[in-house]
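Only a predicted model underlies this, so the values are computations on that prediction, with no experimental measurement involved. Side chains are part of it too, since the values below use all heavy atoms of this structure and drop only hydrogens, waters and symmetry mates.
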Amino acid sequence: MECHVQVVFLCLVFFIPAVCSNPGKEFLLAFPQNLGSGTHDMDILITSVVDSNLTVILTFNAPPDFAEPSSVQFTLSPKERYEMKVSNTLRMSVGNLKENKSMTIWSSEDIIVQVFNKHNSNGDAYLALPVDIFGTEFYSVNYEVTMDGSASYLVVVAWEDDTTVTIRLPIFQSDIELHFEGRYYGSGETVTIQLSAKEVFQLQISADLTGSHITSNRPVFTISGQNRTTVLHKTCKSHMMDVLPPLGSVSTEYVTVSYPDIGAFYRDDMYRIISTSVNTTVTIGGTQTITLDRDGDFYDLFVSAFVYNFVHASKPIYVTQMSSSYFNHSARFGDPSLMILTPLQAKRSSYIFSSMKYTTYRVFITIVIDESSSTTLHLDGAPFTTQWYPVTGKPSLVVGMVEINQIDLVSHHIHHPDGVAFLAYLQAGETCEAYALPLGYYVTSSPKPCEESSTSPGDGLDNNCNGEVDEEVCCIRNGESGMIYYNDVKNRDCLAPAGYTTSDIICCGENNQQYLCRDGTQNQVPQTNTTLENNFFPSLFSEMVLEAGSNPIETIKHPGEIDTMLKTVLYPKDFDSVSGWIPDVGDGSVLKMMLI
């Protein structure tokens, strides 16, 4: 396939204040451990998005060996940008640990903040989230470990004191554990961390952490990725990272976007799709359909360069792009990077952005827009001219890319004059180097707090609001206190055995071993407090047998009000037909109360 990438020289700057690209006045940053060699510092890029002067104050929550002053203050003019280096002593150490290594940015007016965690040739970038859109629930995006010494990681930063974070680990593919504060944790177990304000927790393990479920009692900032890896091929290794959007900022419709391919050797990109709910159906390109059974399950999709797919899910999902390593030493533009895609529901009509002045990098902007509006899109006041590619599965959409020639250090503005909304991504690289980030995340109001609900076994809901789904053994037990049935109890969250349907009753044997009552020998009667419907007085009968079909269930002495799962009728043995005045039991079964 021939590559069509338009180079745009940005000579005309047309600045319009706009709410775009994650603007805010207060940010809290962290820097994950990076496996690269040397002592390369991190880079921060701060860009004004307003048409007035503003003041920025940087404050460091740092260890004693931090070389910078405790705070830095400066002023930005309209559309001005500010680049600075941050000492590598603020980067997290190796391992599972808590450290005071964070950075706070305060601004008098809206700014956008980009973070570059470079360590020689090992680096990636993220677009920071303002504090006011921090979240309390996330799912992690990582990758498999492909080399010695590398690890998946999660980084969580607390904004407030007394922050409690829980991380439910995924099911690992090997027998592996992580160690934290004197305890070992394995597949599916939950790690609990207490954090003070501005404190950072990092979790690392030599296994894929994708699908880890992170929750907190107070808003936090979360990053995930890989400290060094290859993706698909072996040429060029790199650090991968991105901000995890809170669960309320992900949705159901996405379009895959390629990492820029330069030269004659095109490579596939990998997209990882992560579910946030059970039984999530995902359709790719309008034809391929997959089902993710559990929350945190994922599917890897491989797509050729310049092929774009519409992805639609029945429930909210994360969709991430992982640019691949190269398979050919003669064509090595870029390397692994991680970018969490923005859902179509988050399209905006205007974005302000800038890029780090790495002189050897080539920088690209990728756009997803309705085809009917693509010709009137503007970049810095000039028409956005490129070749547009169709989106498979959503023919009304197209994707286009332009290269930005970094001739100055100003911010850029891309917008549609008619207010048409679109998605925008920033991707850059050089030989064996890459970074990628969206130009804005989908932000909605905070998710509704969990409310306890009546349970039905295997309903896929967190009925007791403990952050887990269908995790408890619930069944009928016949003990000294009588029969107990745990369905429809709000403080329970019942799992279901294989073969269970909603018409079944679950019984318990010894050691709480579940079985379906219809398959077992111990038929127990659940408690439903049903009053007998009858044309006779129960007191006339001293002893009755409750029978469903031909299966005796229980002998009842002094019948009056008894408990049963079925609509109950009471009649003497001589009236053992369900015809005439005797009510039907409601499910097609014959239910008889017979005199002994």
Side-chain angles (χ1 to χ4, degrees), residues 17-32 42-62 66 68-84 86 90 99-117 125-138 155-163 165 195-201 214 216-223 241-246 248-249 348 351-354 411 437-446:
V19 178
C20 55
S21 303
N22 287 10
K25 296 183 175 66
E26 202 160 20
F27 297 82
L28 178 62
L29 309 181
F31 309 90
M42 293 83 71
D43 296 306
I44 305 293
L45 174 59
I46 300 172
T47 305
S48 168
V49 298
V50 297
D51 56 359
S52 60
N53 294 337
L54 57 85
T55 300
V56 178
I57 300 175
L58 313 179
T59 306
F60 303 95
N61 180 37
F66 183 64
E68 305 294 331
S70 59
S71 63
V72 175
Q73 180 172 329
F74 55 88
T75 301
L76 290 180
S77 303
K79 68 178 176 288
E80 188 179 2
R81 35 174 284 147
Y82 180 88
E83 295 183 9
M84 67 170 293
V86 178
L90 208 63
E99 291 185 310
N100 289 312
K101 291 185 175 182
S102 62
M103 174 180 174
T104 303
I105 301 178
W106 177 89
S107 175
S108 60
E109 301 292 341
D110 280 346
I111 56 175
I112 55 175
V113 178
Q114 294 164 283
V115 177
F116 300 82
N117 189 11
Y126 67 77
L127 177 67
L129 295 181
V131 169
D132 58 3
I133 58 173
F134 282 9
T136 58
E137 186 174 11
F138 315 81
V155 169
V156 182
V157 195
W159 178 244
E160 303 174 24
D161 284 330
D162 301 317
T163 296
V165 179
L195 294 175
S196 302
K198 316 300 188 298
E199 192 174 20
V200 186
F201 170 72
I214 305 108
S216 61
N217 66 329
R218 302 177 189 276
V220 295
F221 178 60
T222 308
I223 307 166
M241 70 173 182
D242 204 355
V243 172
L244 290 177
S249 296
R348 304 177 184 182
Y351 296 86
I352 293 172
F353 66 94
S354 57
S411 59
L437 47 86
L439 291 185
Y441 292 104
Y442 182 36
V443 178
T444 64
S445 58
S446 299

Is there side-chain contact between [X] and [Y], with at least one heavy-atom pair below 4.5 Å?
X      : Y      : result
Leu90  : Met103 : yes
Ser107 : Thr55  : no
Ile44  : Val113 : yes
Ile111 : Leu54  : yes
Glu137 : Ser216 : no
Ser71  : Phe60  : no
Phe74  : Glu80  : no
Glu199 : Asn100 : yes

Requested in this report: Show your reasoning for whether side chain to side chain contact (heavy atoms under 4.5 Å, CB included) applies to Ser354 and Lys79.
Outcome: CA-CA 10 Å; Ser354 57; Lys79 68 178 176 288; over 6 Å; no
Query raised in the report: Taking it one step at a time, do Ile223 and Leu244 satisfy side chain to side chain contact (heavy atoms under 4.5 Å, CB included)?
Result: CA-CA 6 Å; Ile223 307 166; Leu244 290 177; over 6 Å; no
Looking at [atom1] of [X] and [atom2] of [Y], how far apart are the two atoms once the value is rounded to the nearest 0.5 Å?
X      : Y      : atom1 : atom2 : value
Met241 : Phe116 : CE    : CZ    : 8.5 Å
Phe353 : Asn22  : CZ    : CG    : 14.5 Å
Asn61  : Thr59  : CG    : OG1   : 10.0 Å
Met42  : Leu29  : CE    : CG    : 10.0 Å
Ser411 : Ile352 : OG    : CD1   : 6.0 Å
Leu76  : Thr47  : CG    : OG1   : 8.0 Å

Closest contact, heavy atoms only, [X] versus [Y]:
X      : Y      : result
Ala30  : Val155 : CB-CG1, 4.0 Å
Tyr351 : Gly440 : CE2-N, 4.5 Å
Asp242 : Pro438 : OD2-CD, 4.2 Å
Asp161 : Ala197 : OD1-N, 2.8 Å
Pro130 : Pro23  : CG-O, 3.2 Å

Requested in this report: Determine the sole option in Tyr126, Phe31, Trp159, Phe201 for which the ring-ring contact (aromatic ring centres under 6.0 Å, His included) test with Phe221 is passed.
Outcome: Tyr126
Could you tell me whether the side chain of [X] and the main chain of [Y] form a donor-acceptor pair under 3.5 Å?
X      : Y      : value
Asp110 : Val50  : no
Asp162 : Leu195 : no
Arg81  : Leu45  : no
Ser102 : Lys198 : yes

Report task. Determine, stepwise, if the pair Val157 / Phe134 fulfils side chain to side chain contact (heavy atoms under 4.5 Å, CB included). Result -> CA-CA 10 Å; Val157 195; Phe134 282 9; over 6 Å; no
**Report entry** Candidate list Thr104, Ile46, Val86, test side-chain contact (heavy atoms from CB on, under 4.5 Å), partner Leu58, passing option
**Finding:** Ile46
Requested in this report: Mind running side chain to side chain contact (heavy atoms under 4.5 Å, CB included) on Val165 and Ile214 for me, showing each step along the way?
Outcome: CA-CA 7 Å; Val165 179; Ile214 305 108; 4.0 Å; yes
